[in-house]
There are 2 protein chains.
Amino acid sequence: MESPHLLPLVGEPPRERADAVRNREALLLATSELIDASCVENVTMDAVAQRAGVGKGTVFRRFGSREGLMTAVLDHSEAQWQAAVIGGPPPLGPGAPPLDRLLAFGRSRARATVHHTALIRAAGHAGTRSYAAMSFVAMHVRYLLAELGVEGDLGYLATALLAPLEAVVLEQQLTHDGLDWDRIDAGWADLVARITR
Amino acid sequence: MESPHLLPLVGEPPRERADAVRNREALLLATSELIDASCVENVTMDAVAQRAGVGKGTVFRRFGSREGLMTAVLDHSEAQWQAAVIGGPPPLGPGAPPLDRLLAFGRSRARATVHHTALIRAAGHAGTRSYAAMSFVAMHVRYLLAELGVEGDLGYLATALLAPLEAVVLEQQLTHDGLDWDRIDAGWADLVARITR
DNA sequence: GGGTTAAACGGACCACAGTCCGCTTATATT
DNA sequence: AATATAAGCGGACTGTGGTCCGTTTAACCC
């Protein structure tokens, strides 16, 4: 029985070489391990290459830059979180009323963002997460707003609701504005209430 | 007639040396000129030092890091903008009704932020502006919300209104979400309307 | 299996941010 | 004016991100 991945699909002509796949996975693993062993800031590209047993050039070939590598690591965590939104238990996952889902989304998203602040910063894009991740959350919020019967420019309103959940903003609130999690949760819920009113 | 700065004030014992002052100004000027001549990304610390006619160590002594230098340059522009808010002509400056002032504030702030995106990014702090600058705008928005009779956690609501005006968010909206300035202005105004309702 | 080719590899090399420490000089004191 | 002192200065040095190009090798075809 053949592995299903050996079946070439039309429209995807350039298959990735086996050693390339192996190296990419080894590099992602090495990076995660080094981050866990110390912190993101202390992880150098040379160290990642050495730990993965490849040359430095290979790291840059695969991920383009340090930011690209960190983005790849971040996307991995992000995928797990997205799975909880798409198919996890309510109220974050499907099954709960839209308003409950939206509030659970905000709480969960803010926690996850702060938890990954250092990685998000290292991933660059001026502090945002990858565009794929952003469009997923924007789509989700927009969908929930529509479910709630909100009128207006839902595209803008979704990004406006997401903006206070950005790492930059949360960090400022927690570190310099003296806000605690209770006020942040309550404040965001109030924002939702005013927008959906 | 003596220069007023020659009068030493009690409580500020360590006067800054004259050559230090001169060098700081020369460095800020050199940095601005180099930014104008090319772009922020291409300005190296060596080039700044050379143009200012000082050693590289001096640049780091005065500004601590590249981010510190860029922050200093940014703060200079920011101060001019703040002056327009505090004492410029209405509706941005004082004299107009609070709602008009708030809407003018949002428009102006968003334009200024996008205009300085590259510098803001180079100034770091994970993409935010300096804390002094942030607390000024937060204070101002909070004050206008109070004038408008808004109830609730004004501290949080102010940061929530400011969040969609962050460089990271605006860049995402303009570059990837396909929003134009008309939608951004209208969307933010709608957000204000829903919050102040 | 042997040959062909294009992708992948690796490590020497470069540029730039940031540090260090011996030298210089502005300022205060007498 | 001479001296003392501490702040300021500068450029050689280090560490890390990123590039380049000659070499290796996986994948495909016969």
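Just so we're on the same page: letters track the sequence lines, and every chain starts at 1.
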S.K.: Does any N or O in the side chain of Asp153(B) come within less than 3.5 Å of the main-chain N or O of Gly155(B), such that one atom is a donor and the other an acceptor?
M.R.: yes
S.K.: In whole angstrom, give the distance that lies between atom CE of Met45(B) and atom C1' of dT19(C).
M.R.: 13 Å
S.K.: Rounding to a whole Å, what distance do you find between Phe63(A):CZ and dT19(D):P?
M.R.: 16 Å
S.K.: Could you tell me the separation between the CZ atom of Arg62(B) and the P atom of dG10(D), rounded to a whole number of Å?
M.R.: 12 Å
S.K.: Return the value, rounded to whole Å, for the distance between atom CG of Asp46(B) and atom C1' of dG10(D).
M.R.: 12 Å
S.K.: Applying the side-chain contact (heavy atoms from CB on, under 4.5 Å) test to Ile120(A), which of Val114(A), Val168(A), Thr71(A), Thr113(A) qualifies?
M.R.: Thr113(A)
S.K.: Within 45° of the ring axis of Trp81(A) and under 6.0 Å from its six-membered ring centre, is that where the NZ or CZ of Arg109(A) lies?
M.R.: yes
S.K.: Kindly point out which of dG10(D), dC9(C), dT19(C) is positioned nearest to the side chain of Phe60(B)?
M.R.: dT19(C)
S.K.: Report the distance from atom CZ of Arg66(B) to atom C1' of dG15(D), rounded to the nearest whole Å.
M.R.: 18 Å
S.K.: Grab the NZ-P distance between Lys56(B) and dG8(D) for me, whole Å please.
M.R.: 21 Å
S.K.: Strictly below 4.0 Å: does Asn23(B) bring a side-chain N or O up to OP1 or OP2 of dC9(D)?
M.R.: yes
S.K.: Output the single nucleotide from dC9(D), dT16(D), dC16(C) whose closest atom is nearest the side chain of Thr58(B).
M.R.: dC9(D)
S.K.: By nearest nucleotide on DNA chain C, pick out whichever of Thr44(B) and Arg22(B) is the more 5' one.
M.R.: Thr44(B)
S.K.: For Glu41(A) and dG18(C), give me the distance from atom CD to atom P, rounded to whole Å.
M.R.: 14 Å
S.K.: Nearest-Å distance, CZ (Arg24(B)) to C1' (dA26(C))?
M.R.: 16 Å
S.K.: If you pin Gly57(B) and Arg61(A) to their nearest nucleotides in DNA chain D, which one's is more 5'?
M.R.: Gly57(B)
S.K.: Can you name the residues that form a salt bridge (Lys or Arg N to Asp or Glu O under 4.0 Å) with Arg24(B), not counting sequence neighbours?
M.R.: Glu16(B)
